[in-house]
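Working notes, structure below.
Just so we're on the same page: letters track the sequence lines, and every chain starts at 1.
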Amino acid sequence: MESTYVQEFKVIGGDFLRAGQVSTRIKSILKDIGINHSIVRRISICAYEAEMNVVMYAQRGKILFSMNPRKTHITVEDEGPGIEDIELAMREGYSTATSEMQEMGFGAGMGLPNIKKNADTFHISSVVGKGTKLQIGVMI
Amino acid sequence: MTLRGIVQKLDLIPLGGTGEQNLDKKVTGCYASDLLSDVMANSKEGNIWITLQIHANVIAVATLNDLTGIIFVNGRKPEQETLEKARDKNIPLFMSKLQTYELAGKMYQLGII
C-alpha cells in the first residue's frame, strides 16, 4: 500500500485574524517536500478559498489534508448554514457575503469557481441548516 | 528590477521593519487589485501587489502566492496585526501616497509589467 500523509486542521468561523493559517501551513508542507511549483499553487488556491468559506459563512469546520505520491486530497467539512442552490453558488460572481466582508475584499463570488478551476476532482454537497462538504483532489 | 529599485524610484515608504532582507529580490511584475480571490487567482510568483486592503489576511494571500511585497495606496497604514504577520512571514510592506491608478501607471513606466 502507498504511504499516505494525513493531517487534520480546525477552522473557526468568523476568525478573520487566523484565516489563511491552514492553507499557509498546507502550502509550506508541500513546498518543504519539493512538490512542483504550479501544483503547490493550485492546491494553495483551493485550500485558501475553502478555508475562507468556512471562516466567512460557517460556525466551525475541519480541513482534512491527505497526500500520497500520486495525489493530494483536501476534504473540508463545516457546520454552518449550508448552500441552498449549489448551481447558483458555483456561478462566477454570485456571492452571499455581507457588505462588510466585501469591503474587506472577500466575497467576490470567485471562491468556489476558483477551486473547481484548480482542482482535478471536485465534489460539493450541502445540507441546508447543517453544513457543507467539499472534496478536492489535485494530482501531483 | 529589484524591490530596492522600485522602492527608491516610486518613493515607497517601508513599514515597520518588514522584510528589509528581501530588498534585493527581483520583482517579476505587478498586480493591482482589492479582491483577494482575484489576487489568489491571477497574481504571479514574485509580483508586487498594489492594494488598499490593510487587514491581516493580505499577508496570507501574499505568502500563498510568493509575492515580493505589498504596497498600500492612498497613504493607508496597515493594521497592527498585519504588520506583525508580515514580520512573521517575511513579507515586505510599503505605503504610497499615490492612489492605485497613479502608482500602477508609474510602475508600468518603470517597465514592471
Side-chain angles (χ1 to χ4, degrees), chain A residues 9 11 14-31 35-56 74 89-90 92-95 97 100-119, chain B residues 18-19 22 25-26 28-29 31-47 49-74 76-91 93 99-100 104:
Chain A
F9 304 91
V11 181
D15 186 354
F16 281 89
L17 207 53
R18 263 181 278 185
Q21 251 180 21
V22 175
S23 33
T24 305
R25 182 79 196 97
I26 290 173
K27 185 202 168 186
S28 88
I29 293 168
L30 293 165
K31 219 176 159 184
I35 301 292
N36 171 294
H37 244 70
S38 66
I39 305 276
V40 174
R41 189 185 154 79
R42 284 170 52 212
I43 299 166
S44 299
I45 292 172
C46 293
Y48 175 80
E49 296 292 2
E51 182 183 1
M52 288 317 301
N53 279 350
V54 176
V55 173
M56 284 194 287
I74 299 172
M90 290 302 302
E92 201 144 342
Y94 178 81
S95 175
E100 198 186 2
M101 287 174 199
Q102 287 180 334
E103 270 169 34
M104 289 172 77
F106 300 111
M110 291 175 73
L112 290 173
N114 270 359
I115 295 174
K116 198 178 175 192
K117 251 182 248 166
N118 284 284
Chain B
T18 54
N22 290 323
K25 275 200 178 161
K26 196 173 180 298
T28 58
Y31 201 73
S33 178
D34 302 320
L35 293 177
L36 305 188
S37 287
D38 175 38
V39 180
M40 283 303 298
N42 298 314
S43 69
K44 297 192 174 62
E45 182 182 349
N47 282 183
W49 175 19
I50 300 176
T51 186
L52 50 73
Q53 299 294 354
I54 52 171
H55 58 79
N57 207 256
V58 295
I59 306 302
V61 173
T63 306
L64 286 166
N65 285 294
D66 295 311
L67 304 180
T68 39
I70 308 173
I71 309 170
F72 304 112
V73 290
N74 284 355
R76 283 165 71 97
K77 291 195 182 75
E79 293 167 7
Q80 191 56 34
E81 292 86 358
T82 311
L83 282 169
E84 281 162 21
K85 279 186 193 255
R87 283 186 207 114
D88 184 40
K89 297 288 176 195
N90 206 17
I91 301 287
L93 303 181
Q99 45 142 308
T100 300

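- With respect to chain A, the highest number of heavy-atom pairs below 4.5 Å among B/Asn57, B/Asp34, B/Thr63 belongs to B/Asn57.
- For B/Asn65 and A/Tyr48, the side-chain atoms include no donor-acceptor pair closer than 3.5 Å.
- Interatomic distance, B/Ile54 CD1 to A/Met104 CE, rounded to the nearest 0.5 Å: 10.0 Å.
- For A/Ser95, the side-chain hydrogen bond (donor to acceptor under 3.5 Å, both in side chains) test picks out no residue, with sequence neighbours left out.
- Closest of all the heavy-atom pairs between B/Glu81 and A/Leu17 is CG-CD1, 3.4 Å.
- Between the A/Gln21 side chain and the B/Ala60 main chain, no donor and acceptor come within less than 3.5 Å of each other.
- Among all heavy-atom pairs drawn from B/Ser37 and A/Met110, the shortest one is CB-CB, 3.6 Å.
- Only the side chain of B/Ala56 comes within less than 4.5 Å of a heavy atom in chain A; its backbone stays farther off.
- Looking at A/Lys31 and B/Asp66, their side chains come closer than 4.5 Å, going by heavy atoms from C-beta outward.
- The greatest number of non-hydrogen atom pairs below 4.5 Å with chain B, out of A/Ser44, A/Gly111, A/Ala47, A/Ser28, is found for A/Ser44.
- The distance from atom CD of A/Glu103 to atom CG of B/Leu52, rounded to the nearest 0.5 Å, is 10.5 Å.
- Of all heavy-atom pairs spanning B/Glu45 and A/His37, the tightest one is OE1-CD2, 2.7 Å.
- With sequence neighbours left out, A/Arg18 forms a salt bridge (Lys or Arg N to Asp or Glu O under 4.0 Å) with A/Asp15.
- Considering all non-hydrogen atoms of both residues, A/Thr24 and B/Lys89 come closest at CG2-NZ, 3.8 Å.
- Side-chain atoms of A/Asn114 do not come within 3.5 Å of backbone N or O of B/Met40 as any donor-acceptor pair.
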